[in-house]
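Here the structure is laid out as structure tokens; the discussion comes afterwards.
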Amino acid sequence: MFKIAVLVSGGGTNLQCIIDAINNGYLKNCSIEAVISDRIGVYSLERAVSNDIKVYVIDKKTHKGKISDEILKLLQDKVDLIVCAGWLSILEGDLIPEFKNKIINIHPSLIPAFCGEGMYGIKVHESAIKYGVKVSGCTVHFVDNGTDTGPIIIQKTVPVYSEDTPDVLQKRILEQEHMVLPEAIKLISEEKIRVEGRKVIIK
Ligand code: GRF
């Protein structure tokens, strides 16, 4: 069984897509062993509970700077992949080398555009529209010691129209996110991914 832990901070639409992909057989021999949130009261937790998935809250308010160590304690030797799905806290410390190329994140832009420190949620789309880009999209990448800097696994593009608002663009990209995240998990769980430096080779 390919064991997954999902890190969440919000509504959990990306988490829901992973749950659905397991339930409909798209993700074979995969199980979500844990959902970990860095804050209480988010709908992601309700999604997990209603699917009988173990939930943990490592509240960023009380675990300042120690969240990554707590996650490592919880997940070391227990899961094959950690998926950041709408996760907003920085991962750092021993967790990164312990889970080298075993932590992935989904970001709602075409990295390296509109990413990095403080670039999350609707801010990403506001910046893209302000810049006047003609395409945007989403990126699934491995997590390294930086912010949104690890090797890129898959990217999907969407057109950006002059009349787009940030909300409209966010919704268009979210549709792609919900396809590309399960796709990346499937490739990894079926060992179809090889990482050579910054390059991710899909067999
Ligand atoms: C999504 O836009 C995702 O790209 C970003 O967090 C947002 C919310 O995700 N990482 P979710 O609905 O909580 O899964």
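Atoms within each ligand, like the ligands themselves, are counted from 1 in listed order. When reading the values below, keep in mind they use all heavy atoms of this one structure, side chains included, and skip hydrogens, waters and symmetry mates. Residues take their numbers from the sequence shown, with the count starting at 1.
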Considering only protein heavy atoms, which is closest to atom 12 (O) of ligand 1, and at what distance to one decimal place? T13 OG1, 2.6 Å
Going by atom types only, do E92 and N145 share a side-chain donor-acceptor pair under 3.5 Å? no
What residue and atom, counting heavy atoms only, is the protein's closest point to atom 2 (O) of ligand 1, and at what distance? E177 OE2, 3.3 Å
Scan side-chain atoms only and decide if Q155 and T139 contain a donor-acceptor pair under the 3.5 Å cut-off. yes
Only heavy atoms of L174, strictly under 4.0 Å: list the atoms of ligand 1 that pass. 1 (C), 2 (O)
Which heavy atom of the protein is the closest neighbour of atom 13 (O) of ligand 1, given with residue, atom name and distance? G12 N, 2.9 Å
Test your reading of the structure: does I106 have an N or O sitting under 3.5 Å from an N or O of ligand 1? yes
Is a side-chain donor-acceptor pair under 3.5 Å present for H178 with T13? yes
Atom 9 (O) of ligand 1 - nearest protein heavy atom and its distance: N14 ND2, 3.4 Å
Separation between CZ of F142 and NZ of K100, rounded to the nearest 0.5 Å: 9.5 Å
Any idea which of C138, G86, G10 brings a heavy atom closest to atom 6 (O) of ligand 1? G86
Between D69 and K66, is there a donor-acceptor pair closer than 3.5 Å when you use the side chain of the first and the backbone of the second? no
Got V200 and R194 here, is their nearest side-chain heavy-atom distance under 4.5 Å? no
How does Q170 reach ligand 1, by side chain, by backbone, by both or by neither, if only non-hydrogen atoms under 4.0 Å count? neither
Within the 4.0 Å heavy-atom shell around G11, which atoms of ligand 1 are there? 13 (O)
Can you list the ligand 1 atoms lying under 4.0 Å from a non-hydrogen atom of P108? 4 (O)
Checking side-chain polar atoms at under 3.5 Å, does E70 have a donor or acceptor matched by the opposite partner on S68? no
